[in-house]
Amino acid sequence: SRRQRILRLLCESPEIGQSLHAMQRATGYRAAPLLKHLRIMERCGLITRDPSGHTRAGSLEPGLRFRAIAQAPRVRRVA
């Protein structure tokens, strides 16, 4: 799913979260859908976003992060 891909990218290459433009280039998604996914992921605690716009994978332990990636399709259905 798209959220799984976004989370995986942020875990593997945190620098992608430095700007929306960098995330758009990495994912190929337009700004509006990407921002929607980021807001949902932030509400679920999978990522954090600071006031300057940087996005990071949440402060989960690695095992929990991978479990969260596996459960991302379930999050999609709930959101």
Side-chain angles (χ1 to χ4, degrees):
S1 82
R2 289 183 179 202
R3 291 183 196 133
Q4 286 175 308
R5 182 171 182 224
I6 293 167
L7 186 58
R8 192 172 294 117
L9 280 169
L10 289 170
C11 290
E12 294 171 357
S13 304
E15 68 278 2
I16 290 172
Q18 295 293 321
S19 73
L20 181 63
H21 186 66
M23 292 186 74
Q24 284 181 276
R25 281 194 317 261
T27 62
Y29 306 149
R30 292 187 325 252
L34 180 57
L35 286 169
K36 176 185 173 190
H37 290 303
L38 293 174
R39 280 192 293 273
I40 291 168
M41 293 169 69
E42 185 176 28
R43 276 197 321 255
C44 294
L46 295 175
I47 62 170
T48 58
R49 296 193 299 164
D50 63 30
S52 64
H54 296 148
T55 303
R56 296 178 187 85
S59 58
L60 299 175
E61 297 173 25
L64 293 175
R65 183 174 294 146
F66 290 113
R67 196 171 321 137
I69 290 171
Q71 293 177 353
R74 194 173 316 154
V75 172
R76 181 187 64 197
R77 285 189 294 271
V78 171

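All residue numbers in this chain count up from 1 along the given sequence. Fair warning: this is a prediction, and the values are worked out from it, not measured in the lab.
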When rounded to the nearest 0.5 Å, the distance separating NE2 of His37 from OG1 of Thr27 is 9.0 Å

Atom CG in Leu9, atom CD1 in Ile6: separation rounded to 0.5 Å?
-> 8.0 Å

Is there a donor-acceptor contact under 3.5 Å from the side chain of Gln4 to the main chain of Ser1?
-> yes

What heavy-atom pair brings Ile16 and Ala22 nearest, and what distance separates the two atoms?
-> O-CB, 3.5 Å

Lys36 versus Ile40: any side-chain heavy-atom pair under 4.5 Å?
-> yes

Given Met23, Gln24, Arg5, the one that forms side chain to side chain contact (heavy atoms under 4.5 Å, CB included) with Tyr29 = Arg5

Between atom CG of Leu35 and atom CZ of Arg30, what is the distance when rounded to the nearest 0.5 Å?
-> 11.5 Å

Could you give the distance from CG (Leu38) to CZ (Arg43), rounded to the nearest 0.5 Å?
-> 11.5 Å

